[in-house]
There are 2 protein chains.
Amino acid sequence: MDLNRSGPIPLYFQVSQRIEKAILSGELPAGSRLENEVALGQRLGLSRPTVRRAIQEIVDKGLLVRRRGIGTQVVHGQVTRKVELTSLYDDLTNTHKVPSTHLLALETRTADAKTAERLGVAEGSPTLYIRRVRLADAVPVAVMENWLPEEFIGIEPNDLVAHGLYQVLRSRGVTMRVARQHIGARKSTNEESMLLEIEKNAALLTMDRTAFDNSGRAVEFGQHCYRPDLYSFEVTLVEK
Amino acid sequence: MDLNRSGPIPLYFQVSQRIEKAILSGELPAGSRLENEVALGQRLGLSRPTVRRAIQEIVDKGLLVRRRGIGTQVVHGQVTRKVELTSLYDDLTNTHKVPSTHLLALETRTADAKTAERLGVAEGSPTLYIRRVRLADAVPVAVMENWLPEEFIGIEPNDLVAHGLYQVLRSRGVTMRVARQHIGARKSTNEESMLLEIEKNAALLTMDRTAFDNSGRAVEFGQHCYRPDLYSFEVTLVEK
DNA sequence: TTTGGCCAATTGTCATGACAATATCAGGTC
DNA sequence: GACCTGATATTGTCATGACAATTGGCCAAA
C-alpha cells in the first residue's frame with residue numbers, strides 16, 4: 001500500500017482516488033461488491049471513519065451505492081465524468097479540443113437592477129462587463145456575457161483570450177465555491193446566429209449562473225448560450 | 001431544545017433541518033456567521049462530529065460556506081430551492097400547480113440496441129414503453145418518453161394518470177438513488193409542436209435520463225422535452 | 001508608520017469505541 | 001413445502017479525544 005501519511009494529501013482522499021480509479025479502469029466492474037468498511041480499514045491500517053469517508057466521496061459522485069446489511073456495490077451503467085464547478089474552457093481542454101476566444105467586449109458598465117441584485121452590489125455601482133465567443137477547434141460553440149464586481153476592473157484582454165475566466169479569477173486569488181445555475185432554451189437572435197454560424201431562429205441552450213467564492217460573496221454573474229449540436233450539460237443526481 | 005433522541009430521525013438531521021430553516025426564514029441573514037462547531041455542540045449536548053455532519057449537509061446544499069480559521073457563514077444571494085432527484089410531477093406539485101397527464105402510449109416493446117444499453121438489459125428483451133404529455137394547470141409543459149425493464153410490465157394506465165412515474169415506482173418498492181442526466185436543446189417536430197401547443201420549429205429543452213435504484217440496477221430510461229417558456233432546470237454546484 | 005512574528009480561534013483530519021438498524025441466510029417448526 | 005426465527009454480516013449513527021492547518025488580529029520592534 002502506498003499511503004503517504006506525512007504529505008498534505010488527506011488519507012481519505014488518497015483512498016477514494018484509488019477506489020475511483022479502480023472503478024473507472026474496470027478493475028471493479030459494475031455490480032461488484034466492495035470490501036466491507038471494517039476489513040478495508042484493517043487491511044490499509046486506517047480507522048473506519050477514514051475509510052467510510054473515502055467511500056462516501058465516491059457515493060456522492062454516483063459511482064457507488066451503499067445498502068446497510070448488504071454492502072457497497074458499483075453502480076451499473078457506463079460511467080461518465082461528473083459535473084463539476086468548471087468553466088466551458090476547462091470542459092473543452094478536458095475533451096482534448098483546442099479552445100480559443102473572440103473577445104467582443106471588455107468594458108466598465110454601471111449595474112442595472114438585475115445585475116445589482118444578482119451580484120449583491122448597489123445599483124449604479126461600476127461592474128466589469130465581458131462578452132466573448134468561445135470556439136472549440138475553431139468552431140464557435142458559445143456566446144458568453146459576464147458581469148463581475150468592481151474589484152475585477154483591470155483584467156486584461158490578453159488574459160481572457162489566453163485563459164478561461166475562471167482561470168483568470170483563480171490566478172487573482174479567488175476560489176469559487178458555490179454556483180447556482182438555471183438551464184433553459186430559446187431561439188437565437190440574428191446576431192447570435194451569425195456569431196455561432198448557425199441558421200436564423202435556431203434552438204439555443206442557455207445557462208444563467210451566479211458564482212460565489214469561499215467567503216460567500218458573489219464574484220460572477222453570467223448569461224451564456226450554447227450551440228446545442230456541440231454542447232450539452234451532464235448532471236448526476238444522488239439521493240441521500 | 002427540542003431534540004428527539006429516542007425517535008428514528010438522526011440527530012444530525014434534526015440539527016441540519018433547524019439550521020436550514022433558520023437560513024430560509026431569514027433568521028440567519030446572508031453573510032452572518034454561524035456559532036462555531038464546538039460551542040454549538042456543547043449548547044445542544046451533542047458531540048462535534050454530529051454537529052459537523054449537520055453543518056456539512058447544508059454546506060453540500062450550497063447554503064453555507066466554511067473557512068478554516070474563520071468559521072461558517074451563510075452564502076449571499078437569494079436562496080432558491082435545491083435540485084433533487086424528483087420527477088416533473090413532484091416539481092409541479094411543489095410549485096402549487098395542478099398537474100395532469102395525457103397518456104399517449106403504454107405498451108410492451110422489444111428493446112433496441114440503444115434502449116438495451118441504457119437499461120442494462122439484453123437486446124430484444126421486452127420493456128415497458130410509456131409516452132405522456134404532462135400538463136400544469138391544463139397547459140402542456142412536456143412530452144415524455146420512458147422505457148422500463150420487464151418487471152414493470154403491468155403498470156396500469158390509471159396509475160400514470162393519477163400519479164407521477166416516480167410515485168408509481170416508489171409504491172412498488174423501488175427507491176431511486178442515482179440518476180444521470182443530459183440536458184440539451186433542439187427544435188420541435190411538428191407532432192411535438194401540436195402536442196405542446198407551440199409554433200412549429202420552436203426551441204425545446206430536452207433531458208435524457210437513466211435512473212438507478214439502490215441496488216445499482218437501471219430502473220428507468222427517459223427522453224423528455226419541455227416547453228422552455230414554462231420550465232427550466234436549476235442546478236446548484238458546490239466545489240469541495 | 002510599517003513590518004514582522006506570535007497567539008488565539010476555528011475548521012480539517014484521524015483514531016477508537018460502542019450500539020442500532022437492516023438485509024441475507026440457514027435452520028427448525030407447523 | 002411454507003413460514004417463522006434466530007444468527008450473522010454490514011452499514012448507519014453517535015461519542016470522545018487528539019493534533020494539524022489556516023486565518024486574523026494583536027503587539028512589539030525596526
Side-chain angles (χ1 to χ4, degrees), chain A residues 1 3-17 19 32-60 64-75 173-175 177 213-217 238-240, chain B residues 1 3-17 19 32-60 64-75 173-175 177 213-217 238-240:
Chain A
M1 293 308 135
L3 287 178
N4 183 358
R5 296 189 92 91
S6 57
I9 300 164
L11 293 172
Y12 74 86
F13 190 75
Q14 297 181 42
V15 175
S16 72
Q17 287 242 312
I19 298 175
S32 64
R33 262 187 55 194
L34 215 65
E35 195 176 352
N36 80 67
E37 296 172 353
V38 184
L40 188 58
Q42 213 155 23
R43 193 162 62 80
L44 298 177
L46 295 171
S47 70
R48 193 179 154 212
T50 303
V51 173
R52 199 172 158 68
R53 173 151 185 196
I55 295 175
Q56 190 60 45
E57 294 273 320
I58 310 173
V59 171
D60 290 340
L64 287 178
V65 170
R66 337 175 73 145
R67 277 190 297 170
R68 93 164 46 169
I70 305 295
T72 307
Q73 291 175 301
V74 180
V75 177
V174 178
T175 55
R177 268 302 162 77
D213 71 357
N214 55 10
S215 75
R217 195 196 36 166
V238 179
E239 185 79 4
K240 288 178 185 172
Chain B
M1 294 308 136
L3 287 177
N4 183 358
R5 295 189 93 94
S6 57
I9 300 162
L11 292 172
Y12 74 87
F13 190 74
Q14 297 181 41
V15 174
S16 71
Q17 287 240 312
I19 297 175
S32 63
R33 264 188 52 194
L34 214 65
E35 195 176 353
N36 81 67
E37 296 173 354
V38 184
L40 188 58
Q42 213 154 24
R43 192 161 63 80
L44 298 177
L46 295 171
S47 71
R48 194 179 154 212
T50 304
V51 173
R52 198 171 159 70
R53 173 149 186 197
I55 295 175
Q56 190 60 45
E57 294 274 320
I58 311 174
V59 171
D60 289 340
L64 287 178
V65 169
R66 339 174 72 144
R67 277 190 297 169
R68 106 169 27 174
I70 304 297
T72 307
Q73 291 174 302
V74 180
V75 176
V174 178
T175 55
R177 267 304 161 75
D213 72 356
N214 55 10
S215 75
R217 194 197 36 166
V238 179
E239 185 79 5
K240 287 176 186 176

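So you know, we letter chains A, B, ... as the sequences are listed, proteins then strands, and number each from 1.
- A:Glu37 has a carboxylate O that lies under 4.0 Å from a charged side-chain N of A:Arg66, or vice versa, which qualifies the two as a salt bridge.
- A residue-by-residue look at A:Leu34 and B:Thr50 shows that A:Leu34 has its nearest nucleotide of DNA chain D further toward the 5' end.
- Rounded to a whole Å, the CD atom of A:Glu37 is 14 Å from the P atom of C:dA15.
- For D:dT11, the OP1/OP2 oxygens have a side-chain nitrogen or oxygen of A:Thr72 closer than 4.0 Å.
- The shortest heavy-atom contact between B:Asn36 and B:Val38 is OD1-N, 2.9 Å.
- Taking all atoms of both residues into account, the shortest heavy-atom contact from A:Leu40 to A:Glu35 is CD1-OE1, 3.5 Å.
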Which pairs, protein N/O on one side and nucleotides 4-7 of chain C N/O on the other, fall under 3.5 Å?
none

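- A distance-only check finds a donor-acceptor pair linking the side chain of A:Gln14 to the backbone of A:Ile9 [under 3.5 Å].
- Side-chain contact between B:Val15 and B:Val51 is absent, with no heavy atoms from C-beta onward closer than 4.5 Å.
- Rounded to whole Å, the distance from CD on B:Gln73 to C1' on C:dA9 is 14 Å.
- With C:dC14, D:dG12, C:dT10 as the candidates, the nucleotide lying closest to the side chain of A:Arg5 is C:dC14.
- Side-chain nitrogen and oxygen atoms of B:Arg33 include at least one within less than 4.0 Å of the OP1 or OP2 phosphate oxygen of C:dT10.
- The listed nucleotides are D:dT16, C:dT11, D:dG12; the one nearest the side chain of B:Arg48 is C:dT11.
- Considering all non-hydrogen atoms of both residues, A:Leu3 and A:Leu44 come closest at CD1-O, 3.8 Å.
- Each of A:Pro49 and B:Asn36 was assigned the nucleotide of DNA chain C with the nearest heavy atom; the assignment lying further toward the 5' end belongs to B:Asn36.
- B:Asn4 and B:Gly7 make their closest contact through OD1-N, 3.0 Å (heavy atoms, listed as atom of the first residue, atom of the second, distance).
- Scanning all heavy atoms of the two residues, the minimum distance from B:Ala54 to B:Ser16 falls at O-CB, 3.3 Å.
- Backbone-only contact: B:Arg67 has heavy atoms under 4.0 Å from sugar-phosphate atoms and none from a base.
- In this structure, A:Ile55 places its CD1 atom 14 Å from P of C:dC14, rounding to the nearest Å.
- The distance between atom CG of B:Leu46 and atom P of D:dG17, rounded to the nearest whole Å, is 15 Å.
- A:Arg53 comes within contact range of the sugar-phosphate backbone alone, with a heavy-atom separation under 4.0 Å but no base atom that close.
- Across D:dG24, D:dT10, C:dC14, the shortest atom-to-atom separation from the side chain of B:Ile70 is found for D:dG24.
- Taking 3.5 Å as the limit, the base of D:dG24 and the side chain of B:Arg68 contain no donor-acceptor pair of atoms between them.
- If you take CZ of A:Arg52 and C1' of C:dA18, they are 14 Å apart, rounded to a whole angstrom.
- Rounded to an integer number of Å, the gap from B:Leu3 CG to D:dT13 P is 16 Å.
- Here D:dT10 presents its C1' atom at 15 Å from CD of A:Gln42, a figure rounded to the nearest Å.
- For B:Arg66, whose side chain is taken as the heavy atoms from C-beta onward, the closest listed nucleotide among C:dT24, C:dA15, C:dT11 is C:dT11.
- The two residues A:Asp213 and A:Val174 make their nearest non-hydrogen contact at CB-CG1, 4.0 Å.
- Note: CZ (A:Arg177) to C1' (C:dG12) measures 12 Å, nearest angstrom.
- Taking every heavy atom of residues 7-14 of chain A and every atom of DNA chain D, no pair lies under 4.0 Å.
- Among the nucleotides D:dT11, C:dT11, D:dA15, the one closest to any side-chain atom of B:Val38 is C:dT11.
- Side-chain contact check for B:Leu34 versus B:Ile55: some heavy-atom pair is nearer than 4.5 Å.
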